[in-house]
S.K.: 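Encoded as C-alpha cells, here's the structure I'll be asking about.
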There are 2 protein chains.
Amino acid sequence: MTMTIDHALGRKLERFARLSEEDHRALRRLREAPLREVEPRADLIAEGDEPAVVRLSESGWACRYKHLPNGRRQIVGLFVPGDFCDLNVYILRHLDHSIGAISKVRYYALPPHMIEELVHDRPRIGKALLWNELVQASIQREWLLTLGQRNARERLANLFVEMFHRVRSIGLAGDGKFEFPLTQTDLADTTGMTPVHTNRTIQELRQEGLIDMDRRHLGICDLAALSRLAMFNAGYLHLDREGETLDAAN
Amino acid sequence: MTMTIDHALGRKLERFARLSEEDHRALRRLREAPLREVEPRADLIAEGDEPAVVRLSESGWACRYKHLPNGRRQIVGLFVPGDFCDLNVYILRHLDHSIGAISKVRYYALPPHMIEELVHDRPRIGKALLWNELVQASIQREWLLTLGQRNARERLANLFVEMFHRVRSIGLAGDGKFEFPLTQTDLADTTGMTPVHTNRTIQELRQEGLIDMDRRHLGICDLAALSRLAMFNAGYLHLDREGETLDAAN
DNA sequence: GCGGCTTTCCAACCTAGGTTAAGGTCATCT
DNA sequence: AGATGACCTTAACCTAGGTTGGAAAGCCGC
C-alpha cells in the first residue's frame, strides 16, 4: 500500500479539473523534492516556527492543531496522503498552529519556488490547487458547524463519513473499510470531547451496527444510516468535479 | 461615520503591505462598482446559490453562517467594513453556506474580472489580499479552538477581544468602545451556546467590570483582564505588519 | 517471556450549560 | 396612549457530557 504522489495528489486534483498528460508529468516532477519522514506523534512543524517549505504528504496521516495555555488541545484539520499541509502558510511569517504526525508520515519538502513555477507553467494545476484550498476552507466551516451544533454521536458520525469520502477520493477506501490511525484521544481532541465520552459514544455506534472500528482501521457498516445521523451533506466537500466547466475554457 | 472603502479596506491592507499612492488609487477605483444595500437579517447570498460577484463590505456587519437540517444555526464568520465576504468563493460553483446581514449592510458588488485585473496590475495589492485571506483562515482555526476547548466565558471574551482588534484595525474603535450590532441570539449562534446561557454569561462579565454592553455597542472596560480570561493570543490575527519584509523585495 | 508502554474500556459521581417558561424593557407604529 | 414586536433578563429544573480513578488488553523493545 505505497501511496505515491502521482496517485494520491493526481487523483484528488482530477476531481477538480481535468488534467492533461503534461499536467500529470509536472505533478510527478514534484517527487524530485527531498522526501522526509517523521515518526508518529512528532511534529512536522511547531507553532511560532517560520515556515520555509511547503509540505506535501506522501503517506500517513497528520493533523493541524492548536494549544491553549491551559494545555487543552484542539485538532483543527486532518491531512491524508496527497494533501498539502501548508500550501500558502509560508507567506505568513510565523505559524499560528502546529502540524503533527498521527501515523508515520512521509512528505515532500517543496521549496516555495517549485510551487510558484508549477502554478505558472501549468495554470490548470494552479486552478485545481486553488479549488483544493477552497475546499479545505469549506471543511473548516463544516467543522465549526459540527463543534457548535452537533452532539457527540453526530460529531463522530460526521467525521467518520467525511474521512471516508476523503480517503475514498484518493482511492484507498473502495470497500468502506480504511486505515484510520487516530487514537480515541485524538478523536476527542478533534471533536472537542473527552476521551471517556468519545469511547462511550464509539461503543454506541458500534452496538448499533453503524461502524466497525478496531485498532487502526475504520469500517463504515451502514453509510446511509451514519450519514443520516450525522446530517452529512456532501456538498461541502465539493467532490463532484464541478471544476470541469470552469476549465473547459482553458 | 460613513466608512468608505479607501478608509476601511486601505487601512486594513496597509497592515499587511506598504501600499503606494498608485495602489491606493487602484483600490479607490473599486468604488466604481455598483453599491448595493441589504436590510438587517436579510441574506446577501444563500446556500446553494451560484456566486457571481465578489462582495466588498462598505458599511455594516454581516456574517457567514450554516444551517443544520434540524434548524440549528452556526455563524462561522463575521464581516466588518472593508472585509471581502467571498473573495474566492465564486470559483466554486455552489455555495456551501449563506451570508446574511446583521446590521444594515452596504457593499460593492465587484465583477470577478475587476479583482483579477487589480491583482494583476498591482501585485502588491495581490499579496496583501492573499495575506488577508490567510488571516481569515487563521481566524477560522482560532474559532475552532474556541468552540472545542473554551468555556462560555472564555468564548465570549475571546470574541469580544478579537472583534475589538479587528474593528480598531479599520479605525473604528480607538477608545475601546465600538458598534457591535449582534443580538444575544447572534452571539449564541456564533459561540455555540443557547441565548439564555449567553445572557447569563454576559451578565457575569458585566458585573466583573470587564465589559460594558448596551443595545448596539460594546465597550471593553478592561482589555488586559478580558484578554487574559480569553487566553487571547493576538498572533492569530497577524496584525503586526509583518508583510513589510515580504514586500520590501518588491 | 518480561517490563513498560499506549490504548481501550468501564463505573460512579458531578457540573456546565441546555430547556422551558415568564416577565420586562425599549422603540416604533397607529 | 395603547398596541406590537424585537430583545433582553431571570428563575427552576434537567441532562449531556466532564471528571476521576481504575482495570484490562495489546504492542514493543529487550
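The figures here come from the full heavy-atom set of this structure, side chains too, leaving out hydrogens, waters and symmetry mates. Naming convention: chains lettered A, B, ... in sequence-line order (proteins, then strands); numbering from 1 in each chain.
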S.K.: Of the nucleotides C/dC9, C/dT8, D/dC8, which has the atom closest to the A/T183 side chain?
M.R.: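 Shortest atom-to-atom distance from the side chain points to C/dT8.
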S.K.: Taking CG from B/L182 and P from D/dC7, how many angstroms apart are they, rounded to a whole number?
M.R.: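 The distance from CG of B/L182 to P of D/dC7 comes to 11 Å, rounded to the nearest Å.
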S.K.: For A/A152, enumerate each residue passing the side-chain contact (heavy atoms from CB on, under 4.5 Å) test, keeping only those at least two apart in sequence or located in another chain.
M.R.: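 A/A152: side-chain contact (heavy atoms from CB on, under 4.5 Å) contacts with A/M193, A/H197, A/T201.
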S.K.: Mind listing the closest non-hydrogen atom pair of A/H94 and B/H238 along with its distance?
M.R.: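 Looking at all heavy atoms of both residues, the closest pair is O-CE1, 3.3 Å.
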S.K.: Let me know the distance between CZ of B/F180 and C1' of D/dC7, rounded to the nearest Å.
M.R.: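 Those two atoms, CZ and C1', are 15 Å apart.
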S.K.: For A/Q149, give me all partners under side-chain hydrogen bond (donor to acceptor under 3.5 Å, both in side chains), at least two apart in sequence or on another chain.
M.R.: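 With sequence neighbours excluded, A/Q149 shows a side-chain hydrogen bond (donor to acceptor under 3.5 Å, both in side chains) to B/R72, B/Q74, given in chain and number order.
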S.K.: Which letters describe nucleotides 23-28 of chain D, given B = protein heavy atom under 4.0 Å from base, S = only from sugar-phosphate, - = neither?
M.R.: ---SS-
S.K.: What residues, two or more places apart in sequence or in another chain, satisfy ring-ring contact (aromatic ring centres under 6.0 Å, His included) together with A/Y65?
M.R.: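 A/Y65: ring-ring contact (aromatic ring centres under 6.0 Å, His included) contacts with A/H67.
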S.K.: Provide, to the nearest angstrom, the distance between the CG atom belonging to B/D189 and the P atom belonging to D/dC7.
M.R.: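 For the pair B/D189 CG and D/dC7 P, the rounded distance is 12 Å.
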S.K.: Using a 4.0 Å heavy-atom cut-off, write out nucleotides 17-24 of chain C from 5' to 3' as B (base contacted by protein), S (sugar-phosphate only) or - (no contact).
M.R.: BBBB----
S.K.: Enumerate the residue pairs fulfilling salt bridge (Lys or Arg N to Asp or Glu O under 4.0 Å) with a member in residues 190-212 of chain B, sequence neighbours excluded, ordered by first and then second residue.
M.R.: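 For residues 190-212 of chain B, and leaving out neighbouring residues, the salt bridge (Lys or Arg N to Asp or Glu O under 4.0 Å) pairs sorted by first residue read B/R153-B/E204, B/R153-B/E208, B/K177-B/D212.
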S.K.: Expressed as a whole number of angstroms, how long is the span from B/D214:CG to D/dT9:C1'?
M.R.: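 The answer, rounded to whole Å, is 16 Å.
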S.K.: Considering residues at least two apart in sequence or located in another chain, which fulfil the ring-ring contact (aromatic ring centres under 6.0 Å, His included) criterion with B/F79?
M.R.: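 For B/F79, no residue satisfies ring-ring contact (aromatic ring centres under 6.0 Å, His included) once neighbours in sequence are set aside.
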S.K.: Let me check the geometry of the helix from C/dG1-D/dC30 to C/dT30-D/dA1. What is the bend angle between the axes at its two ends, five pairs each, to 10°?
M.R.: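 What I find for the helix from C/dG1-D/dC30 to C/dT30-D/dA1 is an axis angle of 50°.
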S.K.: Which whole-number value in Å describes the distance from B/M213 CE to D/dC7 C1'?
M.R.: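 After rounding, the reported distance stands at 12 Å.
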S.K.: Starting from P on D/dC7, measure out to CG on B/D186 and report it in whole angstrom.
M.R.: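 These atoms are roughly 8 Å apart.
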S.K.: Mind calculating the distance between CD (B/Q184) and P (D/dC8) to the nearest angstrom?
M.R.: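 One finds 4 Å between P of D/dC8 and CD of B/Q184, rounded.
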S.K.: Not counting sequence neighbours, which residues clear side-chain contact (heavy atoms from CB on, under 4.5 Å) with B/E47? List them please.
M.R.: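 Counting only residues at least two positions away or on another chain, B/E47 forms a side-chain contact (heavy atoms from CB on, under 4.5 Å) with A/N233, B/S98.
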S.K.: Between B/D189 (side chain only) and B/T191 (backbone N and O only), is there a donor and an acceptor less than 3.5 Å apart?
M.R.: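 It does not hold such a pair.
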S.K.: Could you tell me which residues satisfy ring-ring contact (aromatic ring centres under 6.0 Å, His included) with B/F84, sequence neighbours excluded, listed by chain and number?
M.R.: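 Counting only residues at least two positions away or on another chain, B/F84 forms no ring-ring contact (aromatic ring centres under 6.0 Å, His included).
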S.K.: Are any of A/N199's side-chain N or O atoms less than 4.0 Å away from OP1 or OP2 of C/dT8?
M.R.: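 Negative; the distance criterion is not met.
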S.K.: For residues 77-89 of chain A, which residue pairs qualify under salt bridge (Lys or Arg N to Asp or Glu O under 4.0 Å), counting only residues two or more places apart or in two chains?
M.R.: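 Residue pairs passing salt bridge (Lys or Arg N to Asp or Glu O under 4.0 Å), neighbours aside: A/K12-A/D83, A/R55-A/D86, A/D83-A/R166.
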S.K.: Applying side-chain contact (heavy atoms from CB on, under 4.5 Å), name anything that partners B/R41, two or more places apart in sequence or on another chain.
M.R.: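 Per chain and number, B/R41 pairs via side-chain contact (heavy atoms from CB on, under 4.5 Å) with B/I102, B/T183, B/D186.
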S.K.: To the nearest Å, give me how far apart CD (B/Q149) and C1' (D/dG18) are.
M.R.: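 From B/Q149 CD to D/dG18 C1': 12 Å.
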